[in-house]
Structure formats: structure tokens, C-alpha cells
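Could you have a look at this structure, given as C-alpha cells, before my questions?
Heavy atoms only: backbone and side chains are in, while hydrogens, waters and symmetry mates are out.
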Amino acid sequence: MDNNKQQETNIENDNTLTNRQGHPITNNQNIRTVGNRGPATLENYDFIEKISHFDREKVPERIVHARGAGAHGYFEAYGTVGDEPVSKYTRAKLFQEKGKKTPVFVRFSTVVHGTHSPETVRDPRGFAVKFYTEDGNWDLVGNNLKIFFIRDAMKFPDMIHAFRPDPVTNIQDARRFFDFCANSPETFHMVTLVYSPWGIPANYRMMQGSGVNTYKWVNQEGKAVLVKYHWEPKQGIKNLTVKEAEEIQGKNFNHATQDLYEAIERGDYPEWELFVQIMEDGPHPELDFDPLDDTKLWPNDKFPWLPVGRMVLNKNPENYFNEVEQVAFGTGVLVDGLDFSDDKMLQGRTFSYSDTQRYRVGANYLQLPINAAKKHVATNQEGGQLRYYNDKAPGQNLHVNYEPSSMGGLKEAEQTGKEYTPNVEGNLVRESIDRDDNTKQAGETYRNFEQWEKDELINNLVNDLSICPKEIQDKMIALAEQADEEYGRRLREGLAGKSNNKQEEFAEEFNPHPLGANQASKAVQDAINKGHDANPY
């Protein structure tokens, strides 16, 4: 046997994916975890290189969630979770006392496009809440939709690259979107929601919010439960069709920002109720999904929504840049009584989000007023770009910027609540979660839509898939057929009808267009045909 062949560990060619060190990437789908459910390990070099470069690839606006609006307000706790004392499940102080108010700042956003993109795009909406609690800040960072496209953080940069504008044309292209989704079948449930009217909320005040990821609550005894967070608007929920969104965009591409600002100015303060779903900690093999899989919903008949408080937004920012643009959120920003689960997307986001803020706003971003905790802060951190005060304790020996010390330095806090110490055991692997049915819940979601929502979903999918190669169409049809017979049949018939209609003016089979903008090429030609001649001056 050829000795070189015998020693060969990876087969490479000119098209082999590598990292920046030149190492061939053998698994670009999964981060390395203890067992296929997690937790993740810190030595995920390929993932850390990939995600940290992704965090730095665009200056100066956010990589995602660049377009946003925000407001100040407060969260008022009920002191209970459903009919039970909240202390049964968590020792987090902000939830304990009925009527206790915690200041908050909320940032709503679109995900894919830039700072001045229209607010009528087909896109998830960010819903991030910063709680300024007595124990320090808690950031609940989520979206309006309750699930996500992927379940492993390794795929996040690829997903966003596919959804963002083409690197050559700088135009978002539905073919790139569906190329990624058709080859990542776990996205299908989210595609079903995003391509329905739920993909274009009417405004920020009338949309739901969700933490999306699975977190944990920890009580005084150190016992933990899994938890999901849901914000429900008291204003009701409103979504838009493509036609309605186009009409609104033609009149005002800032309509959602203006709606939020004007509602607060006139005293019509938007309000949301916060609900949680609770599940005993563990893998729950009796379920047909993994509770750590953020492409899945927890059915509310098994895990009911339990109210824990309400949030009111009652003050607009005084300066957009200082507050809305510079506010910085991170999924790792938790207070005592709240904890991480082994959710692989959550663990990847926890590195990525705060790493992005250090790059985008600077190493001292937490000294900005909008980000600073509204309590005593004392650290041994020094220097860094734009540092403008020393966060030291009164009477601290300023010569001592380390710990431990017996010369007047900072001391560790005494912990009173029992430490939560989950047992972790398993082989380190790079594998997907094994309960990975990618279409069952998408079918349930489809069947729960009203008829007009089904019609809008099919029409939207057909319009965008019609410009995609047949291989991508076939993969998406197959996923729809697995989800629901009617869903698959209507999508197949719609695409067949679209491909047979060759007489359409400005046929778009080979022309890129943003999601939902199936008349994009016609608009380009209209601008030429309808433009009025003018003489030079």
C-alpha cells in the first residue's frame, strides 16, 4: 500500500473548505459538544475563528439587526408564575415581589439589511430587552418569531451570508436564500413562518416577542428548570400581505419607527405581558423533539404559557445614536437565578454577541450610559479604547488592580443561593441533535394558518422559488410534502403554473430579486420608461 495514502487523514482539493490557518474543515455543520445535545466546549477553534471573523466583517453598523428603533420603560413583576410563587422556580430578584418595577430599554429591529433599509421587508424582527436590575443588567435578546432557522451556531455566518445581499451585485437574491434553506432542511419551519404574513409585522408595537433559545431558571436550593420566554402585545397582533407592505413602503419606509415614537409621545404607551413555559431539566426522551432545539416550538397544551409580569414603554430616547445605536445586548448577560441551557445556538450566540459589541462599540462599551448597570460597579479592568472613568470601589487601594490581595483590593462576593451544578457526561462530538424532524411542526403551523395566510404563504413561496433552479424547487417541494399533503401539492402546482406561463412581461427566471420583491426587475425598467426627460443645467 502507498505509504502516503496510508497516512492520509483528509482528502483535499482546490475546492476544500479550510480555516484561515489552512486546516481543512471536515464538519461545517456542528460545533463540538458533550454528546449531541451539548454543552459546547471552549476549544471549538474552527467555530471561534469563523464566528469572531463574522462579528468583525462589517463596519460600523451591526452585522445583523442594523435597522432599529428603541424606547425606555419598565417591567412590573407579578411575583408569581401562573398560580405559584415565582420563588419555586427562580431566585432572580426582579421577579420576586408583586408590583416590583425594573427599568428597561427595548430595541426593535430588522435582521438582514442595513441601517436605512425599509421596515416593510420580509425578515424576522429583533426584540431585545435590557433589564437594569438591582443585581446588574439582564439582556433578553430575541425575535418576534418563536423559533429560528438553524439549531447550531456553526451555521450562523453561512445563513446570514446567504440571506444578505449578494457580495457581487449587492442585491439580496431569493435564489441564494433558498439555496441555503433547501440544503439546510431544519430551516423549513422558519421558512413557513417568514413567508407567511408573519414575516412582515405591521409595526413594532403590534408584534410578539420571544427569547427563542432555551434558558434555565435556578431557585434558592440550586434546582433548575428549562424555560422559554414569550412577550405578548396588549395592542393585539397585526401582520401584512406583500401588496399591503408595498403600498406602505411607497409612502413611508420608516413607518414602524414613526409609529413607535408617536404612540409614546401621545401617551399611548405600548405594553406586553411576559409569559414563560417551564419544563423539568433533562433531555425528555418522551417528546418527539429536543427541548434545546430552537427550530421547534414547545406545545402549549403540554407546557402552558404562565404569566410572570408586564412591560410598558413610556419614554422615547433623547438621542437616537447615543441610545438606540450604541445600546449593546448579549445573550450571556444574566443575573443570579437565571442560567444558560446547553442550547447550542444559545452558547454560540453568547460568545458572538458580546464579542461583536467589544468590536463595534469598543472594549469599554459597558461604560456608556445606555449600557451601564444602574448599580455599583467595581472591576479590575484597565485601559482600552475610549475608557473614561475607573470603575473602582470607594476607598479601594488604587495601586491594587488584581485579586486576591490583602492590601485593600476588591473582594469576591459571598454567594448565598446554592450553586447550580448540572452533571455533564458524554463523548466530545460534532453531531446534530438526533431528534431532528424538520417538517412535522411546519405542517402543524401550516394547518393552523387561516385560509388567507395559507394563500399568501403559497403565493409568496411560488413567486420567489420560481426564479430558483429546479433542484432547489424540488427540495423545497419535498419538504413541503413531508410537512403537509396540501402544502406540498399547492406549492408544486403553483410552481408548475408559474413555469408554464412564459408570456409574462419582464419574466424573472434569471433575474435576482430581494425576498418577496417579485416585480423588482419590472421596477428597474419602469424607472427608465416612466422617467421624465430633462435638459442639463
Side-chain angles (χ1 to χ4, degrees), residues 68-76 78 82 104 106-111 118-129 140 142-147 190 192-212 228-249 251-252 254-277 297-301 304-316 444-457 460:
H72 298 268
Y74 63 87
F75 174 77
E76 182 178 351
Y78 295 160
V104 300
V106 179
R107 189 177 189 272
F108 304 105
S109 56
T110 55
V111 174
E119 293 182 306
T120 49
V121 292
R122 183 169 302 286
D123 201 16
R125 302 301 193 269
F127 194 124
V129 184
L140 180 54
N143 291 333
N144 64 315
L145 300 173
K146 300 181 183 301
I147 58 170
M190 188 68 162
T192 300
L193 282 165
V194 168
Y195 264 77
S196 79
W198 291 83
I200 313 179
N203 56 44
Y204 297 133
R205 291 186 304 121
M206 297 175 176
M207 71 179 193
Q208 295 172 301
S210 171
V212 180
K228 288 271 197 182
Y229 297 102
H230 304 285
W231 295 105
E232 287 299 302
K234 293 291 187 71
Q235 299 74 235
I237 303 169
K238 288 184 179 290
N239 301 315
L240 297 172
T241 66
V242 168
K243 186 174 184 298
E244 292 160 349
E246 288 174 347
E247 292 170 352
I248 292 166
Q249 181 175 319
K251 298 172 184 174
N252 186 344
N254 305 286
H255 80 282
T257 294
Q258 185 171 337
D259 172 81
L260 178 66
Y261 182 87
E262 291 181 348
I264 292 173
E265 284 298 294
R266 68 174 177 263
D268 183 12
Y269 301 140
E271 180 177 339
W272 287 260
E273 191 164 27
L274 180 61
F275 294 84
V276 295
Q277 289 177 286
L297 296 167
W298 291 7
N300 57 16
D301 58 336
W305 288 25
L306 305 172
V308 295
R310 70 185 188 110
M311 178 174 70
V312 178
L313 300 183
N314 59 5
K315 182 180 180 296
N316 279 312
E444 293 168 352
T445 294
Y446 177 81
R447 290 186 290 275
N448 285 332
F449 281 158
E450 296 179 18
Q451 190 59 47
W452 73 273
E453 292 175 309
K454 292 181 180 179
D455 296 343
E456 183 75 6
L457 167 66
N460 294 336

Mind checking the NZ-CZ spacing from K454 to F449? Nearest 0.5 Å is all I need.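 K454 NZ to F449 CZ: 9.5 Å, rounded to 0.5 Å.
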List the atom of W452, the atom of P197, and the distance in Å for their closest heavy-atom pair.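 Scanning both residues completely, I find the closest heavy atoms to be CZ3-CG, 3.4 Å.
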Could you tell me the separation between the NZ atom of K238 and the CZ atom of R205, rounded to the nearest 0.5 Å?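 So the gap between those two atoms works out to 10.0 Å.
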Are side-chain N/O atoms of Q208 and H230 paired as donor and acceptor at under 3.5 Å?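 Looking only at side-chain atoms, H230 and Q208 do not form any donor-acceptor pair under 3.5 Å.
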For W298, is there any backbone N or O sitting under 3.5 Å from a side-chain donor or acceptor partner on Q277?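 Between the backbone of W298 and the side chain of Q277 there is a qualifying donor-acceptor contact (under 3.5 Å).
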Just by modelled atom types, is the I200 backbone N or O under 3.5 Å from a matching donor or acceptor in the R122 side chain?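 Such a contact is absent between R122 side chain and I200 backbone.
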Would a distance-only check, ignoring hydrogens and angles, find a side-chain to backbone donor-acceptor pair under 3.5 Å from N314 to Y269?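 Not a single qualifying donor-acceptor pair exists.
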Partner of P124 by side chain to side chain contact (heavy atoms under 4.5 Å, CB included), out of V111, I147, T110: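 One option only clears the test, and that one is V111.
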Student check: side-chain heavy atoms of W231 and V129 closer than 4.5 Å: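 When only atoms from C-beta onward are counted, V129 and W231 do touch, with a gap below 4.5 Å.
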Could you give the distance from CZ (R125) to CG (N203), rounded to the nearest 0.5 Å?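 CG of N203 is found 10.0 Å from CZ of R125.
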Is P307 close to Y78 at the side-chain level, that is, under 4.5 Å between some pair of heavy atoms?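 Yes - at least one pair of side-chain heavy atoms lies under 4.5 Å apart.
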Is it the case that the side chain of N316 and the backbone of Y261 share a donor-acceptor pair, with hydrogens and angles ignored and the cut-off at 3.5 Å?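 Side chain of N316 to backbone of Y261: a pair is present.
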E247 and K243 ion-paired at < 4.0 Å: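 Answer for the salt bridge query: yes.
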Parallel, tilted or perpendicular, judged at 30° and 60°: which one describes the rings of F108 and F127?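 Because their plane-to-plane angle is over 60°, the rings of F108 and F127 count as perpendicular.
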Counting only heavy atoms from other residues, nucleotides and ligands, does the tally under 6.0 Å from NZ of K234 exceed 12?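 Atom NZ in K234 is packed in, count exceeds 12.
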Donor-acceptor pair, distance only, cut-off 3.5 Å: does the side chain of S196 make one with the backbone of W198?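 It does hold such a pair.
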Pair Y204, E119: side-chain N/O donor-acceptor within cut-off below 3.5 Å: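 Distance-only check passes for Y204 and E119.
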Grab the two heavy atoms, one from V242 and one from E456, that are nearest each other, plus how far apart they are.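 Closest pair (atom of V242, atom of E456, distance): N-OE2, 2.8 Å.
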Salt-bridge present (K146, E232; N to O < 4.0 Å):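 A salt bridge links K146 with E232.
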To the closest 0.5 Å, what do you measure between CE (M207) and CG (N144)?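 Between M207 CE and N144 CG, I get 5.0 Å after rounding to 0.5 Å.
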Taking atom types as modelled, find out whether D455 and Q451 have a side-chain donor-acceptor pair closer than 3.5 angstrom.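 The answer is yes; a qualifying pair exists.
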If we ignore hydrogens and angles and just use 3.5 Å, is the side chain of Q258 paired with the main-chain N or O of H255 as donor and acceptor?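 Absent.
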Does any part of the side chain of D123, heavy atoms only, come nearer than 4.5 Å to the side chain of V194, both counted from C-beta?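 No; the side chains remain at least 4.5 Å from each other.
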Closer than 3.5 angstrom, by distance alone: can the side chain of R266 be matched with the main-chain N or O of I264 as a donor-acceptor pair?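 Flag not set: sc R266 to bb I264 has no pair under 3.5 Å.
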Within the side chain of N254, is there an N or O that forms a donor-acceptor pair under 3.5 Å with the backbone of T257?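 No; judged by distance alone, with no hydrogens or angles, the pair does not exist.
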Sub-4.5 Å side-chain heavy-atom contact between V104 and L313: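 In short, these two side chains touch, coming nearer than 4.5 Å.
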Closest non-hydrogen atom pair between G126 and N143, with its separation: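 Residues G126 and N143, closest heavy atoms: CA-OD1, 3.6 Å.
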Is any side-chain heavy atom of P270 closer than 4.5 Å to one of L260?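 Side chain of L260 against side chain of P270, heavy atoms only: contact under 4.5 Å found.
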Rounded to the nearest 0.5 Å, what separates atom OH in Y446 from atom CG in L193?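 Those atoms lie 13.5 Å apart.
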Nearest 0.5 Å, what's the CE-CG distance between M206 and L240?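 Those atoms lie 11.0 Å apart.
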Between R310 and E76, is there a side-chain N and carboxylate O pair less than 4.0 Å apart?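 E76 and R310: salt-bridged.
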Write down the atom of F75, the atom of V308, and the distance for their closest heavy-atom approach.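 Reported closest heavy-atom pair: CZ-O, 4.1 Å.
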